[in-house]
Amino acid sequence: MEYDVIQGDIAAQSADVLVNAAGTSLRMGSGVAGALRRGAGEAINEAAMEMGPVDLGAVAVTDAYDLDAEYVIHAAAMPHDGDGRATAESVRNATRNALEKADELGCRSLVMPALGCGVAGFDLADGATIIDEEITSYESDALEDVVFIAYSDEEYDTIRAAIGTAERSETSDEREPDR
């Protein structure tokens with residue numbers, strides 16, 4: 001399985017499945033969810049909410065609507081009750097469950113953001129390490145190409161530093177140097 005880290009807008013990516021950094025209610029608010037909702041159209045939010053709420057760490061699948069993908073997997077790394085904060089366990093479970101669901105669906109390509117590390121407040125470097133561990137240890141049946149995507153240059157640099165990707169090749173044209 002090919003695995004890469006890139007910088008870009010998840011809603012502009014082309015893959016069999018895009019992963020949404022969701023909360024347990026599956027309501028698509030801001031951050032990654034907001035970008036995907038804007039790209040897909042409001043119907044994706046309605047479809048996702050009809051499936052919620054889900055357990056922390058669980059996933060739900062919707063059509064990708066106007067996005068360049070077949071599916072969106074909504075990975076609930078963040079609770080929508082209590083303090084709303086993601087945990088190491090919720091990030092790990094949401095990542096693993098998203099990979100497993102993509103395999104079950106027969107998807108060959110997947111783009112995943114830093115689950116639980118935005119509005120859910122989990123430390124980005126720690127989250128990147130957990131997500132990297134789950135991706136690199138995952139034994140796929142169908143997935144051939146997994147992309148871990150960062151939105152900003154700062155996020156990209158933090159992820160690369162956290163997972164030691166200096167030796168990993170950068171194969172995407174999405175990275176836009178601004179230095």
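The model shown is predicted, which means the values in this text are computed figures rather than measured ones. Heavy atoms only: backbone and side chains are in, while hydrogens, waters and symmetry mates are out.
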Backbone of L143 reached by a side-chain donor or acceptor of D103 within 3.5 Å: yes

Separation of F122 CZ from I131 CD1 (nearest 0.5 Å): 9.0 Å

Single-linkage hydrophobic cluster, 4.5 Å side-chain cutoff, V59 and V54 together: no

D55, CG: over 12 other non-hydrogen atoms inside 6.0 angstrom: no

Distance (rounded to the nearest 0.5 Å) between D141 CG and E100 CD: 10.0 Å

Heavy-atom donor-acceptor pair, R37 side chain to G29 backbone, under 3.5 Å: yes

Polar side-chain atom of N97 near backbone of N93 as donor-acceptor pair, under 3.5 Å: yes

E133, CD: over 12 other non-hydrogen atoms inside 6.0 angstrom: yes

Residue pair E104, K101: steps toward the salt bridge (charged side-chain N to carboxylate O under 4.0 Å, His left out) verdict: CA-CA 5 Å; E104 286 174 26; K101 182 56 76 175; 3.2 Å; yes

Reported NE2-to-OG1 distance for the pair H74 and T62, which is rounded to 0.5 angstrom: 3.0 Å

Separation of I73 CD1 from N20 CG (nearest 0.5 Å): 10.5 Å

side-chain contact (heavy atoms from CB on, under 4.5 Å), paired with V146, selected from I135, T136, V19: I135

Full working for side chain to side chain contact (heavy atoms under 4.5 Å, CB included) between D68 and Q13: CA-CA 7 Å; D68 191 8; Q13 303 305 305; over 6 Å; no

Spacing of D126 atom CG and T158 atom OG1 [to the nearest 0.5 Å]: 11.5 Å

E70, CD: over 12 other non-hydrogen atoms inside 6.0 angstrom: no

Polar side-chain atom of D66 near backbone of G39 as donor-acceptor pair, under 3.5 Å: no

Straight-line distance of R96 CZ to E134 CD, nearest 0.5 Å: 4.5 Å

Atom OH of Y151 with >12 non-hydrogen neighbours under 6.0 angstrom: no

